[in-house]
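Below: the structure, in structure tokens.
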Amino acid sequence: MADCKKSNADRIKRIISLCEENFGIGSVLFVGVKYHQKIGWVAKVQFQESVYFGNLTSDGDDDTQALRNLKNRVKKIIKRYNTV
């Protein structure tokens, strides 16, 4: 079997698709990751004003971990949102 590693671009696309499936198409302005000197790696998803919350952030030891943490946070919110 070929080595099938995910890239950060794949992770960003997955976060976008999760958000658009559950909060509406066009609800996501951007998803990105950057290094902050005091915090470390920070991943962020920014929403349109029509969503109840403006943005979600998550941090991690590296860029991949920050994106994984953000995806898990989005999944938790979706789970809570669907149970209400």
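Any value given below was found using the heavy atoms of this structure, including those in side chains, with hydrogens, waters and symmetry copies removed.
Partners of Asn8 by side chain to side chain contact (heavy atoms under 4.5 Å, CB included), not counting sequence neighbours, listed by chain and number: Arg11, Asp63, Thr64, Leu67. Shown here are the side-chain hydrogen bond (donor to acceptor under 3.5 Å, both in side chains) partners of Asn55, two or more places apart in sequence or in another chain: there are none.
Between Ala43 and Ala66, the shortest heavy-atom distance links the atoms CB-O, 3.5 Å. For the pair Glu20 and Ser27, the tightest heavy-atom approach, listed with the atom from each and the gap, is CA-OG, 4.4 Å.
Rounding to the nearest 0.5 angstrom, the gap separating the CG atom in Asp10 from the CD1 atom in Ile15 is 11.5 Å. From Leu18, atom CG reaches atom CD1 of Ile77 across 11.5 Å, with rounding to the nearest 0.5 Å. Here OG of Ser17 is found 12.0 Å from CD1 of Ile12. Values are rounded to the nearest 0.5 Å.
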Which donor-acceptor pairs under 3.5 Å do side chains of residues 30-38 form with protein atoms, sequence neighbours excluded?
| residue | atom | partner | partner atom | Å |
| --- | --- | --- | --- | --- |
| His36 | ND1 | Lys38 | N | 3.3 |
| His36 | ND1 | Ile39 | N | 3.4 |

What's the verdict on side chain to side chain contact (heavy atoms under 4.5 Å, CB included) for Leu56 and Lys44, showing C-alpha distance, side-chain angles and the deciding distance?
CA-CA 6 Å; Leu56 297 172; Lys44 179 178 182 178; over 6 Å; no
List the steps, then state whether side chain to side chain contact (heavy atoms under 4.5 Å, CB included) holds for Val74 with Cys19.
CA-CA 7 Å; Val74 168; Cys19 292; 3.9 Å; yes
Could you walk me through whether Phe47 and Leu29 satisfy the side chain to side chain contact (heavy atoms under 4.5 Å, CB included) test, starting with their C-alpha distance in whole Å, then the side-chain angles of each, then the deciding distance to 0.1 Å, before giving a yes or no?
CA-CA 5 Å; Phe47 294 101; Leu29 285 175; over 6 Å; no
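Applying the side chain to side chain donor-acceptor pair (under 3.5 Å) definition to pairs two or more places apart or across chains, those involving residues 67-76 are Gln65-Asn69.
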